Amino acid sequence: MEHMPAIRKLIGNLEARNIEAEYAENRTQALARILAAIPPAASVGIGNSQTLKALRVSETLAERGQPVYDKTFSRSPAEARSLKKKALLADWFVSGTNAVSHEGHIVNIDHSGNRVAALLFGPDHVLIVVGVNKLVPTLDDAIARAREQAAPQNARRAGFNPPCVASGTCVDCRSPERVCRSLVIIEGQAIPGRVKVLVIGEKLGY
Ligand code: SF4
């Protein structure tokens, strides 16, 4: 497949940053890897992600009977906040991401910050799941992807209306509807094995 050379380069660059990485051909194979990696008794926090929704990660883990802290399961803002807090101290945290550079930078924009907080510290195990559509050559490309593609589409989905929703272009707005309150670049990990990236050979999420 045409993206394999870039994926091989990415996996090597992530491992040089103390981040484990592996490749799954499709979402079925990816879900099987996720279920095999996470012990059935572990608590799991979930970072809201269209990629994880497409794989039915939260639902499948919950069906195994383990605690799953996914804010999209909440029935009220208070419950959503509680689930986000619990996810920060879960055994595992599973998340999508906005972009990954071939050099190994993992780039995320966040609104309330719970997703990037858990990626950085808290859960002992972090699994980041990413489709090939989010792999880009450089850090600048990854930041541009997060701002120009992920942010407007996530804003629209969440019911916010910053300027980029109409224009598709980031103007570094000061809108009260701004969704990108944090821009986080993960450059590497201090603890080997804490973070693993699972690259899927399908287009997933935005
Ligand atoms: S800063 Fe504003 S315009 Fe730029 S991506 Fe974020 S919400 Fe959109």
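Read the numbers this way: they start at 1 and go in the same order the structure lists the ligands and their atoms. Because the structure is a prediction, the values reported are computed rather than measured. What's counted below: heavy atoms across the whole structure, side chains too, no hydrogens, waters or symmetry copies.
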Quick test of your reading: applying salt bridge (charged side-chain N to carboxylate O under 4.0 Å, His left out), list the pairs with at least one residue in residues 86-112, sequence neighbours left out, ordered by first then second residue. Asp110-Arg115
For Arg33, enumerate each residue passing the salt bridge (charged side-chain N to carboxylate O under 4.0 Å, His left out) test, keeping only those at least two apart in sequence or located in another chain. Glu22
Work out which heavy atom in Val116 is nearest to a heavy atom in Ser182; give both atom names and the distance. CG2-CB, 4.4 Å
Stepwise salt bridge (charged side-chain N to carboxylate O under 4.0 Å, His left out) check, Asp70 with Lys84: CA-CA 7 Å; Asp70 180 339; Lys84 287 193 230 179; over 6 Å; no
Ignoring hydrogens and geometry beyond distance, is a side-chain donor-acceptor pair present between Thr72 and Lys53 at under 3.5 Å? yes
Taking only residues at least two apart or on different chains, which pairs with a member in residues 78-119 satisfy ring-ring contact (aromatic ring centres under 6.0 Å, His included)? Trp92-His125, His111-Phe160
Under 2.8 Å from atom 4 (Fe) of ligand 1, the protein N, O or S atoms, given as residue and atom: Cys170 SG
